[in-house]
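Read through the structure below, which is laid out as structure tokens, and then see the notes.
Quick caveat: nothing in here was measured; it's all calculated off a predicted structure. In what follows, chains carry the letters A, B, and so on, assigned in the order in which the sequence lines appear, proteins first and then strands, with residues in each chain numbered from 1. Just so it is clear, the values below take in all heavy atoms, side chains as well, and ignore hydrogens, waters and symmetry mates.
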Amino acid sequence: MRRLSWRLVFLAALLVGLMAFAGSRLRTVLFGPTDATWQALQERGVWRVGMDPSFPPFDFLDETGQPVGYDVDLAEALAAEMGVDVQIVALGFDSLIDALRDGKVDSVISALPFDPRLTKDVRYSESYFEAGVRLVTPIGSPIAGIEDLPGRRVAVEWGGAGDVQLRRLQKEEPTIERATFQTQEEALAALERGEVDAALVDGVTLALAQGQGAALQAVGPALDSVPYVIAMPVDAVLLEQQVNENLTKLRKRGFLQRLKDQWLSGHETR
Amino acid sequence: MQEDSPLSPRSFQRLTKRPLLLGAASLLFVLAAVVAYRFTSTSVPLGPQQRVQTINPKMGVHTRLTDEAEPWKIKRTLEMVREMGAPWIVEYFPWAYYEPRPGRFDWEHPDLVIQHAARQGLTVIARLGFPPEWARPPETSDLYLDEDQYAAFGAFAAAFAQRYQGQVTYMILWNEPNLSLEWGGRPPDPESYVEMLRVVYPMVKQANPDMQVLAGALAPTLAPPDSHEAMNDLVFLQRMYEAGAAPYFDVLAIHAYGWGFDADDPADPSVVNFRRAELLRAIMVENGDAAKPAMITEGGWNDHPRWTRAVRPGRRVENTIRAYEIARNEWPWLASLCLWVFRFPWDQKTYQDYFTFVATDFEPKPIYLEVQRYARGEWEAPTP
């Protein structure tokens with residue numbers, strides 16, 4: 001009898017534990033996922049988007065002090081698809097994630113690079129722009145990838161992300177010659193003048209140069225992927241779903257390419 | 001009759017009937033585990049005695065080994081500092097970590113840091129602060145210390161000074177007391193900070209007369225006079241002198257950040273830049289303290305791509321090397337220039353990561369390699 005009652009207690013405890021563990025999952029299965037952020041923004045009818053307006057052409061202020069740029073247009077298009085208005089909340093870059101964690105904004109759209117170290121704290125959308133370091137050559141160059149760099153002269157911004165990549169490449173191929181410049185723009189200008197064979201610059205600098213008519217192309221994939229993404233609260237599963245679905249929709253409609261054409265450039269990557 | 005083997009069920013039963021024997025066996029097991037842990041999993045050899053090779057003996061960096069748990073990483077960090085050519089480091093030793101209960105010290109971690117630093121030929125400037133919970137009233141911030149506990153801080157500082165006599169000869173008392181954040185959430189109070197020096201300094205000197213006590217370590221700030229959050233560093237230092245601080249410190253610790261300005265931008269009381277250090281020095285001279293040296297224990301430039309106070313990476317390299325040159329050639333009153341910060345044990349996930357010379361995985365950043373070339377006398381600014 002005594003053994004039986006202990007078994008009952010054990011079974012009851014096991015059952016309670018299992019229910020506690022499975023409760024949220026069961027709720028999700030029975031009633032669908034819950035998302036307080038999504039629910040609140042729908043009730044409000046306003047999507048509060050955090051942005052640091054100091055990074056043209058993605059985020060900056062126009063002469064009237066209004067935020068404009070690639071990210072503003074993207075936020076407005078996504079909000080329209082979700083049937084809500086957008087409210088841009090201007091913040092310093094370093095405060096963006098804290099504001100998201102504190103619930104002061106629903107999302108962050110601010111040329112924000114994906115950071116795997118933050119995935120426990122925030123939920124990220126699919127990427128909408130690749131800003132990593134690219135190998136850049138003049139259109140028509142015989143250089144088809146980093147394997148063609150030995151013996152070539154490559155321009156980088158001194159101490160910048162391209163320089164870091166080039167120093168890594170030089171460890172494997174010491175014959176690659178490193179030409180340093182104070183800015184990435186100067187590195188690309190040297191490439192256009194034919195003083196170097198290639199350059200390593202980030203995707204934004206390249207796109208801006210292309211937009212200004214530089215006959216340059218990116219060759220191969222980014223050497224260090226820096227995808228720009230939209231950040232949301234870590235439990236905002238429905239909002240993430242909405243954002244990703246609508247990003248796909250906008251991409252298919254060519255809207256993201258139009259944004260790039262408008263704010264950056266239109267040259268295709270080979 | 002066959003004897004039971006030591007692990008047979010019968011002998012185990014006999015053993016369990018003798019609590020004393022069982023207790024002794026358990027104790028032996030625990031001791032063996034501790035010994036095995038200490039000698040197999042964490043210890044790293046100190047290695048041969050090293051010496052820093054550099055053209056500039058004033059070069060230094062602020063390391064951040066306080067929360068670095070793995071001994072090999074402590075050693076690797078200090079090796080890389082030496083290999084970069086910097087003979088000085090500032091390191092933080094939080095009081096709360098090493099005196100968790102009054103009078104009960106745990107020196108294991110500082111021993112490790114100081115022994116490895118000495119073996120690499122580095123001179124350590126120890127920064128002390130961060131009172132333990134027992135030394136401050138309940139519900140106060142981690143950096144709160146009442147005047148009636150200054151003697152307790154003094155006792156810790158004296159114990160530190162005594163333990164590391166012959167190994168550590170520089171000690172900073174507190175950090176940035178002109179910020180409310182660093183002063184326990186209270187408005188900055190230079191007179192009370194001087195009272196701290198008045199209590200702690202003689203205790204340290206008595207324990208270790210060779211210890212050079214650094215004071216100040218003020219945050220460069222243009223805070224307005226009515227601010228409760230911060231006090232202008234120039235004002236704070238002058239008030240320290242007026243409160244009688246001079247006999248209670250041997251070296252002034254200075255924080256010299258460049259923010260968006262170049263190392264050669266002139267000093268100006270209305271600007272926070274690198275040469276603001278000259279204004280603090282002028283206050284020392286005006287107050288009859290010209291014979292006393294100064295040390296920059298934090299400073300430098302940041303190359304975050306988006307932070308508003310950052311500069312481009314190349315400008316950071318140029319300014320960093322220029323700052324070391326200024327320290328060497330133009331500021332005879334400055335004994336060392338330790339820039340913030342060599343490496344963090346883990347990513348801070350903020351602009352702070354862009355102050356470092358080495359990534360958390362020990363990959364040297366371009367600034368590390370350029371400073372290393374400078375220290376070897378091989379550096380020249382690139383000409384496109």
Which atom of B:R315 lies closest to which atom of A:Q182, heavy atoms considered: N-OE1, 4.3 Å
Minimal non-hydrogen separation, A:G159 against B:P313, with atom names: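 Between these two residues, the closest heavy atoms are O-CB, 3.1 Å.
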Which atoms of [X] are under 4.5 Å from chain B, going by heavy atoms: the side chain, the backbone, both sets, or neither?
X      : result
A:A111 : both
A:D52  : both
A:D98  : neither
A:S95  : neither

Part of B:E318 lying under 4.5 Å from any heavy atom of chain A: both
Flag if over 12 foreign heavy atoms under 6.0 Å of CD, A:E172: no
Other residues, nucleotides, ligands: >12 heavy atoms within 6.0 Å of A:E126 CD: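 Counting neighbours around CD of A:E126, 12 or fewer heavy atoms of other residues, nucleotides or ligands fall under 6.0 Å, so no.
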Distance, nearest 0.5 Å, that separates OG1 of B:T308 from CG of A:D94: 9.0 Å
Heavy-atom side-chain proximity of A:D59 to B:R306 below 4.5 angstrom: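 A side-chain contact exists here, since the closest heavy-atom pair is under 4.5 Å.
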Min side-chain heavy-atom separation A:R167-B:P364 under 4.5 Å: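 A:R167 does not reach B:P364 side chain to side chain.
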Result of checking A:V164, A:L166, A:V156 against B:P366 for side-chain contact (heavy atoms from CB on, under 4.5 Å):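 With B:P366 as partner, A:V164, A:L166, A:V156 yield a single side-chain contact (heavy atoms from CB on, under 4.5 Å), made by A:V164.
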